[in-house]
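Heads up: numbering here begins at 1 and tracks the sequence.
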Amino acid sequence: MAVDPFQALQAANRAAPPVRRDEGTLLIAGATGALGHELVRRLAGRHRFEHTFVLAREPIRDGLRGVETLLAPGPDIAQWPRTAADAALVSFEPPRLYYDRERALWTPEPAQLPVLASWLKACGVRTLAVVQPHDQGRLPEALKRGLASLDEEAVVALGFERVIIVRSARKPAAGRFANPAERLAAWMLSIARFMVPASEQPVRPGKVAELVDVALRIAPPGVHVAAPELVWQAAQGALQAVAEGWLSRSAASAAPPSGPPTAPPPA
């Protein structure tokens, strides 16, 4: 069938549908390592937020449009001046020392999470996403799907509208040994790594970043914790469906029971 040139010209000049963009500003603490790089590339590079701040220890030139460094003025987070932000992402992966740019970025320590979250709440942050790494196979079963520490409980108690915690497995760091006996003992213990289930193995940073991206877009209000097995499952395919199932289950489990309260039985 012949194509009408006039219709083709109209279609070419028709404005493209706007890309969905989250309102407000995103603030990223810990944009280092392979995971931090993927998180920035995914969240800031697609310009879903109107503006993105990345915490840094010293000024650097940003390579992405709409991304600006925000200087961390010192070690006392509670004394930092406040800045306006609507959503925040915290990651704890250390910088790769052979990247000069990453050495200039500010990366939090896990112990700093409560005071950092308190500062973010004072900045107006309503949604907080935390990528919490742990050594593969080392996280107790009882802590995988809920709050794993008093620090995380303190963060939730601050009253964010949404808290998203993604537990990302990582390979244990190489240890330093003082003598051959310690090295031999470590080698014998390392055999246990072959007994770690596939669902607790580390996944590619790009897949973790994609899961965080989807969760930030569709998560309802409340606290949502992604266990290592769910992160692995999402990386195998159908990530959107896995994320939707996880978030709907966590929202349902946090919802109050419907109907009037049941009166206690008579004494």
Side-chain angles (χ1 to χ4, degrees), residues 21-133 149-166 168 170 173 205 208-209 212-213 216:
R21 173 181 289 181
D22 291 333
E23 296 181 357
T25 297
L26 171 68
L27 194 153
I28 300 178
T32 50
L35 178 56
H37 171 77
E38 288 294 335
L39 288 167
V40 172
R41 187 185 68 83
R42 181 115 197 152
L43 297 175
R46 296 192 172 194
H47 307 292
R48 279 189 35 235
F49 291 87
E50 294 174 3
H51 200 79
T52 300
F53 286 114
V54 175
L55 284 171
R57 294 185 293 107
E58 57 189 68
I60 58 175
R61 179 173 297 179
D62 305 302
L64 292 174
R65 180 170 56 87
V67 179
E68 181 181 348
T69 54
L70 181 68
L71 290 181
D76 190 356
I77 300 174
Q79 299 302 318
W80 288 358
R82 298 175 185 177
T83 186
D86 302 280
L89 171 67
V90 179
S91 178
F92 299 103
E93 188 165 344
R96 296 167 290 188
L97 297 181
Y98 46 87
Y99 282 89
D100 290 337
R101 176 182 175 276
E102 292 193 5
R103 289 200 297 267
L105 296 174
W106 185 83
T107 303
E109 297 290 337
Q112 294 175 305
L113 178 60
V115 65
L116 176 61
S118 181
W119 178 75
L120 291 170
K121 187 70 169 59
C123 291
V125 169
R126 300 188 303 273
T127 295
L128 175 63
V130 180
V131 181
Q132 189 72 275
S149 66
L150 293 177
D151 285 349
E152 291 182 359
E153 293 179 6
V155 169
V156 170
L158 291 172
F160 292 96
E161 290 182 13
R162 302 189 300 170
V163 176
I164 301 167
I165 300 176
V166 176
S168 174
R170 66 184 176 191
V208 178
V212 173
D213 182 19
L216 283 172

Excluding sequence neighbours, so at least two apart, what forms side chain to side chain contact (heavy atoms under 4.5 Å, CB included) with T107? T32, P95
Can you check side chain to side chain contact (heavy atoms under 4.5 Å, CB included) on L113 and V130, steps first, answer last? CA-CA 9 Å; L113 178 60; V130 180; 4.3 Å; yes
What's the separation between atom CH2 in W119 and atom OG1 in T83, rounded to the nearest 0.5 Å? 6.5 Å
Heavy-atom pair with the smallest gap, counting every atom of L158 and S118: CD1-N, 3.5 Å
Spacing of CH2 belonging to W80 relative to CG belonging to L55, to within rounding of 0.5 Å: 5.0 Å
Using a 4.5 Å cut-off on heavy atoms from C-beta on, say whether the side chain of L43 contacts that of T52. no
So, using ring pair (Phe, Tyr, Trp, His ring centres under 6.0 Å) as the criterion, who are the partners of F160 when residues are at least two apart? none
If you look at every heavy atom in A31 and V54, which pair is closest and at what distance? CB-CG1, 3.7 Å
Determine yes or no for a side-chain-to-main-chain donor-acceptor pair under 3.5 angstrom, with R42 supplying the side chain and V208 the backbone. no
Taking only residues two or more places apart in sequence, or in another chain, which ones meet E153 in a salt bridge (Lys or Arg N to Asp or Glu O under 4.0 Å)? none
Steps toward side chain to side chain contact (heavy atoms under 4.5 Å, CB included) verdict (T127, L216): CA-CA 8 Å; T127 295; L216 283 172; 3.7 Å; yes
Could you give me the CA-CA distance, side-chain angles and deciding distance for L120 and V90, then say whether side chain to side chain contact (heavy atoms under 4.5 Å, CB included) is met? CA-CA 10 Å; L120 291 170; V90 179; 4.1 Å; yes
Which atom pair, heavy atoms only, marks the closest approach of A122 to R82? CB-NE, 3.5 Å
Here the gap from L128 atom CG to L116 atom CG, rounded to the nearest 0.5 Å, amounts to 8.0 Å
N/O donor-acceptor pair under 3.5 Å between W106 side chain and L71 backbone: no
To the nearest 0.5 Å, what is the distance between CZ (F53) and CG (L26)? 10.5 Å
Which atom of P110 lies closest to which atom of D151, heavy atoms considered: O-OD2, 4.3 Å
If only atom types and distance count, is the side chain of E93 paired as donor or acceptor with the main-chain N or O of A34 below 3.5 Å? yes
Ignoring hydrogens, what is the shortest heavy-atom contact between A85 and L27? Give both atom names and the distance. CB-CB, 4.2 Å
Under a 3.5 Å distance rule, please check whether E161 uses its side chain to pair with a backbone N or O of R126 as donor and acceptor. no
Heavy-atom closest contact (P133 atom, V131 atom, distance): CD-O, 3.2 Å
Apply the test side chain to side chain contact (heavy atoms under 4.5 Å, CB included) to residues F92 and L35: give CA-CA distance (whole Å), side-chain angles for both, the deciding distance (0.1 Å), then the verdict. CA-CA 9 Å; F92 299 103; L35 178 56; over 6 Å; no
